Amino acid sequence: MNNSDKLLKATWNCDEKAVAKYIEQAHQDISSILGYNNEETLRSVVSIAYYTAIRFYQFIKEFPSGKGFADMAFLPYKHVNKPLIVIELKHNKSPESAIAQIKEKKYSESLQKYSGDILLVGITYDDDKKHYCKIEKLTKL
């Protein structure tokens with residue numbers, strides 16, 4: 001199993017420490033020093049880190065929702081029994097603040113027609129390049 005598969009499985013299992021570890025490693029491996037703190041760079045890193053998720057999901061960057069845009073959303077293909085994933089990325093903030101932004105901006109309102117599990121994923125890192133993750137699982141009926 002490669003790191004992308006492990007990252008996806010860790011996300012599904014809400015293993016926040018493992019998700020942070022895999023994203024941190026990918027961010028270090030993929031980013032240049034000059035672009036490390038660029039939001040688009042981190043979004044690209046996340047897309048690449050989750051590359052095997054393309055088997056299950058449609059990736060949407062800058063997902064229009066509620067009162068703003070989520071950094072990324074992974075929408076499961078029809079007939080795929082996997083949770084929808086909404087990701088918010090932050091620098092020098094807490095992962096809880098990323099989750100709070102998802103809720104505050106009402107990103108889930110744009111997913112009204114979706115039923116099933118939704119994973120809200122906040123991924124952050126600090127100036128020491130330490131990454132953190134918070135995952136909340138919601139179930140829509």
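These numbers come from a predicted model, not from an experiment.
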**Q** Indicate yes or no: does K21 engage D15 in a salt bridge with an N to O separation below 4.0 Å.
**A**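 No.
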**Q** Using a cut-off of 6.0 Å, state whether more than 12 heavy atoms not belonging to N92 lie near its atom CG.
**A** yes
**Q** Less than 4.5 Å apart, any side-chain heavy atom of V19 and any of L7?
**A**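 Contact flag for V19/L7 side chains = yes.
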**Q** Check D126, D127, T124 against H91 for a side chain to side chain donor-acceptor pair (under 3.5 Å) and give me the one that passes.
**A**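 Among D126, D127, T124, the one that satisfies the side chain to side chain donor-acceptor pair (under 3.5 Å) with H91 is D127.
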**Q** Taking Y132 as the starting point, is it possible to reach L89 by hopping between hydrophobic residues whose side chains are less than 4.5 Å apart?
**A**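 The answer is no; the residues belong to distinct hydrophobic clusters.
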**Q** Determine the minimum heavy-atom distance between E96 and K134, stating which atoms define it.
**A**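 Of all heavy-atom pairs spanning E96 and K134, the closest is OE2-CD, 4.1 Å.
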**Q** Minimum heavy-atom separation for C133 to P95, with atom names?
**A** C-CB, 3.8 Å
**Q** Does any non-hydrogen side-chain atom of S31 lie less than 4.5 Å from one of V45?
**A** yes
**Q** If Ile, Leu, Val, Met, Phe, Trp and Tyr residues are connected whenever their side-chain heavy atoms lie under 4.5 Å apart, and connections chain through other members, are F56 and M72 in the same group?
**A** yes
**Q** Same hydrophobic cluster for Y51 and I85, using side-chain heavy-atom links shorter than 4.5 Å among ILVMFWY?
**A** no
**Q** Which atom names give the shortest non-hydrogen contact between A20 and H131, and what distance separates them?
**A**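 Scanning both residues, the minimum pair turns out to be CB-O, 3.5 Å.
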**Q** How are the rings of F74 and F59 set to each other: parallel, tilted or perpendicular (split at 30° and 60°)?
**A**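 The arrangement is parallel - the two ring planes meet at less than 30°.
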**Q** When rounded to the nearest 0.5 angstrom, what is the spacing between CD in E16 and CD in E136?
**A**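 Result: 8.5 Å between the selected atoms.
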**Q** As an exercise, state the distance from CD1 of I99 to CD1 of I87, rounded to the nearest 0.5 Å.
**A** 10.0 Å
**Q** Identify the two heavy atoms, one from S4 and one from Y50, that lie closest to each other, and give their separation to 0.1 Å.
**A** OG-C, 3.3 Å
**Q** Output the distance between atom NZ (K82) and atom CH2 (W12), rounded to the nearest 0.5 Å.
**A**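 Spacing of NZ (K82) from CH2 (W12) equals 4.0 Å.
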**Q** If you round to the nearest 0.5 Å, how far is CG of L42 from CD1 of I123?
**A** 7.0 Å
**Q** Apply the side-chain contact (heavy atoms from CB on, under 4.5 Å) test between P83 and each candidate in D117, I118, T139; give the one that qualifies.
**A** D117
**Q** I need the I23 CD1 to I48 CD1 distance, nearest 0.5 Å.
**A**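 CD1 of I48 is found 10.5 Å from CD1 of I23.
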**Q** Between Y77 and I54, is there a donor-acceptor pair closer than 3.5 Å when you use the side chain of the first and the backbone of the second?
**A**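 At least one qualifying donor-acceptor pair exists.
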**Q** With no hydrogens and no angle check, just 3.5 Å: does a side-chain donor-acceptor pair link Q101 and K90?
**A**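 Yes, because at least one side-chain N or O of Q101 sits under 3.5 Å from a partner of the opposite role on K90.
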**Q** Could you give the distance from NZ (K6) to CD (Q25), rounded to the nearest 0.5 Å?
**A** 11.5 Å
